[in-house]
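Since we're looking at a predicted model, the values are computed, not measured.
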Amino acid sequence: MRGTRFRIHRVCAFQRKTPGCWRRIRRCRGRRTARARCVVHRLSRPGAVPGRARHWRRHALRHAQMADGAQYAAADRMGNALSVAPTGRMSGSDAAMQPNNNYQGRKQRMLTNQLRCHLMFAAAIVLCPVSPAWTADFAKLLTPARAGLPLAHPIAENDVPPPPLSLVADRPKDPAYVAGLPGLPQNRIVTDDFGTKRPKFDGVFIRKSRIEKGQVVIPPGGLVYLEDTWGGEVALRGEPLPVLGRMPTYIDYDMSIVVKENVTIPAGQSVAVGGQVYHYYATVGHEQMMNHALHVKTIAGTDWEWAFGSPVLSSTETGWWGMKFTQLYNQGQAREVNRERMVFDWISGVRTDRILLAEDKVFAGLAKPGQEWKIGQLTVKLIGIDAKAGTARIQVVEGDSVKLERTLGPVNMERLIEDTAARKALVFEYGDIAGVLVPWPNAIQDGQANLKLYGKTSSLRYGDTYARDSRFSVYPVGCPTGHGFGFMLVNKEEIRIAPGASVDGPEKYFKIAVDQISGNDVQAWHVEDDKGNRSVNLGGAGVANIDLVLGQGRVAGQAILKDVGRAMNARNYTALTQATTAATATSFSPGMLAGMGMLALALIGVSFEFGRRRRT
């Protein structure tokens, strides 16, 4: 650029321009700024100096030629073929000394070259393959579980927005608490194919609700159903997974690692990365030194502190902490941490892109070559076993046509279950059927393959419209190592509920009913399951919204208490006091006693858990 710039100025000197032009040339040599260069050019602009229009035209042509050559070279380096090289390419002094015998022709070529350069530049931007380099760089930055192991999940190629209201500031405000209803069961025990038992919980949340024009308004993302598991959900093990009253089998999942660059988290605030939420929670100071703590949660609110602790960063206590954290595949490299903010060069978070479920169990056990199974219009055939290689070969056939042929295995026990490549080597899918070469206790035994086959499969994909109720979007939730942690269903559009009306949850699994509004208070509202069981009245004087926490799972019964436990306690105590006063003024009916009992249990449960969390 410098050489090119001064060639332009030497053009002016060679043509013996005015002394003022010379002075500005010398000034430009000293400053070496684009502005000084433009001053020289403006001297030669028509009207600036009498008789200099011709000199200005030569400068304009030279600018076009230089831009043409630079763009041509850039496009050529990117591998974009050009049928004809740009016209009129020459050195700066040669261009200035060329006779101006065909100005109109040059002008036409100048415009043509500029247009071609613009088109080439746009094509280079569109066609340049940037994604592979981007993923390769981050694959090197991230740390696997152990030296020598690959990353368990691929780097995400795109960023899918999280559900609305995923940040910590969007948690329910002064929510009512309902421990559960008969149609929204809690602590339901399921057992997988290997006898492992896990508790499951239905969770319902309402957040950011408000009163507007005599109605209750719930914004998009404000009404949430959560399959709120207490422990991780493990693929390939035949674990039942509750879905709004049904109990399909959880087969497999897809997970990726989302990496974002130049991320700033102001103190007290949070950001979502993939399916994870990072909350700059606290700063602990020691005179001139300090450290800074992150809380890491899922988009559903699952808090990973109980499992992995909280990342701590510091630029002043480097003997204790560093500027990088690794929490399985939730990782980050900070360049600035202080009381006001954390700034990360890059930060990653896992995202569960899909979970695969099946309604029907077709077969489970040892199978010999030649066996086949009819599943709807398809037939699955076991056509061969290689005991030495530890593999089994299957076909999916429709009529006389082979639709799929796959070799399943071998088992890589060192990398199961979380590793994507090791797990996918054991799974096949076609249409609405799926199968697994089961690795436990042995995939191949006595010349037979340990198989499971499933029918009526379906997928829950991150951010997709929920197939059974298009009013809701679905978001699987995942652990940063690779287990499932339930799924969310959230409303896509704003909901408005007038007094005396109600809104159904997904698949009418529950409903939210508003009974009475008085001014800015919701005097009466309740939750109701699909069997007609109702909560007590959750409204009353001073209740300005219908925000709700329902359930006893990992989120509703534990993690969310950090954020809303104190307010939830206060609201429940107020409701219990109002109910007691009303009962004293009238009489204790069985319904009133039952309602007071539920409120008392809710208050005791929340207080106990909140106190336990405070102590630990």
Side-chain angles (χ1 to χ4, degrees), residues 164-165 169-181 183-184 203-225 471-472 489-506 508-551 556 560 563-564 566-586 589 591-592 594-596 598-599 602-603 606:
L165 309 181
D170 301 322
R171 295 288 183 257
K173 181 180 179 181
D174 300 328
Y177 179 73
V178 177
L181 291 170
L184 295 167
V204 179
F205 303 88
I206 300 176
R207 48 204 186 182
K208 292 290 185 178
S209 64
R210 66 184 189 275
I211 299 174
E212 184 180 285
K213 297 180 180 179
Q215 296 180 322
V216 169
V217 179
I218 302 175
L223 177 59
V224 181
Y225 167 80
R471 300 173 301 144
F472 291 82
L489 297 172
V490 304
N491 62 304
K492 295 162 62 176
E493 305 292 339
E494 180 182 86
I495 296 171
R496 287 183 172 267
I497 314 174
S502 63
V503 62
D504 291 327
K508 299 183 178 181
Y509 190 55
F510 60 89
K511 69 170 58 176
I512 306 296
V514 175
D515 303 307
Q516 182 184 351
I517 296 176
S518 177
N520 294 322
D521 294 345
V522 185
Q523 293 288 349
W525 71 280
H526 66 273
V527 187
E528 187 174 326
D529 65 27
D530 60 354
K531 299 177 176 57
N533 301 294
R534 299 172 49 161
S535 70
V536 297
N537 175 27
L538 302 173
V543 176
N545 62 40
I546 62 168
D547 282 13
L548 172 69
V549 175
L550 184 152
I560 206 169
D563 306 319
V564 303
R566 182 181 302 170
M568 201 159 63
N569 261 342
R571 178 163 175 172
N572 281 327
Y573 182 80
T574 300
L576 181 60
T577 302
Q578 291 174 349
T580 304
T581 303
T584 302
T586 56
S589 66
M592 180 67 72
M596 290 173 59
M598 289 184 67
L599 281 170
L603 183 61
V606 171

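- L489 CG to R471 CZ: the interatomic distance, rounded to the nearest 0.5 Å, is 10.5 Å.
- The line from CG of D547 to CD1 of I218 is 8.5 Å long, rounded to the nearest 0.5 Å.
- Looking at N533, its side chain never comes within 3.5 Å of a backbone N or O of L181 through a donor-acceptor pair.
- In terms of the salt bridge (charged side-chain N to carboxylate O under 4.0 Å, His left out) criterion, residue partners of E212 (sequence neighbours excluded) are, by chain and number, R210, R496.
- Around the CG atom of N520, the shell of radius 6.0 Å holds no more than 12 heavy atoms that belong to other residues, nucleotides or ligands.
- Annotation: ring pair (Phe, Tyr, Trp, His ring centres under 6.0 Å) contacts involving residues 510-542, sequence neighbours excluded, are absent.
- The residue from I546, I512, I206 that alone fulfils the side chain to side chain contact (heavy atoms under 4.5 Å, CB included) condition with V527 is I512.
- Under a 3.5 Å cut-off, the side chain of N545 and the backbone N or O of K173 do form a donor-acceptor pair.
- Under the 4.5 Å side-chain criterion, counting only non-hydrogen atoms from C-beta, I560 is in contact with P172.
- The ring pair (Phe, Tyr, Trp, His ring centres under 6.0 Å) test applied to F472 returns no partner, not counting sequence neighbours.
- The main-chain N or O of P219 is found under 3.5 Å from a side-chain atom of N491 such that the two form a donor-acceptor pair.
- Of all heavy-atom pairs spanning Q523 and N537, the tightest one is O-ND2, 3.3 Å.
- Every residue two or more places apart in sequence or in another chain that forms a ring pair (Phe, Tyr, Trp, His ring centres under 6.0 Å) with Y225 is listed here: Y509.
- The two atoms that bring A556 and L550 nearest to each other are CB-O, 3.8 Å, heavy atoms only.
- Taken to the nearest 0.5 Å, the CD atom of E494 stands 13.0 Å off from the CG atom of L223.
- Of all the heavy atoms in P499 and G214, the pair that sits closest is CD-O, 3.3 Å.
- Partners of R571 under the salt bridge (charged side-chain N to carboxylate O under 4.0 Å, His left out) rule, at least two apart in sequence or in another chain, do not exist in this structure.
- Here the OG atom belonging to S502 is positioned 11.0 Å from the CD1 atom belonging to I495, to the nearest 0.5 angstrom.
- In this structure a side-chain-to-backbone donor-acceptor pair under 3.5 Å is missing from D174 to A570.
- Applying the side chain to side chain donor-acceptor pair (under 3.5 Å) criterion to D521, with sequence neighbours excluded, gives no partner residue.
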Given F205 and L548, is the side-chain contact (heavy atoms from CB on, under 4.5 Å) satisfied, shown in steps? CA-CA 5 Å; F205 303 88; L548 172 69; over 6 Å; no

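- When the shell of 6.0 Å around NZ of K492 is examined, it contains more than 12 heavy atoms from other residues, nucleotides or ligands.
- In this structure, V564 and R207 have side chains that are not in contact, with every pair of non-hydrogen atoms separated by 4.5 Å or more.
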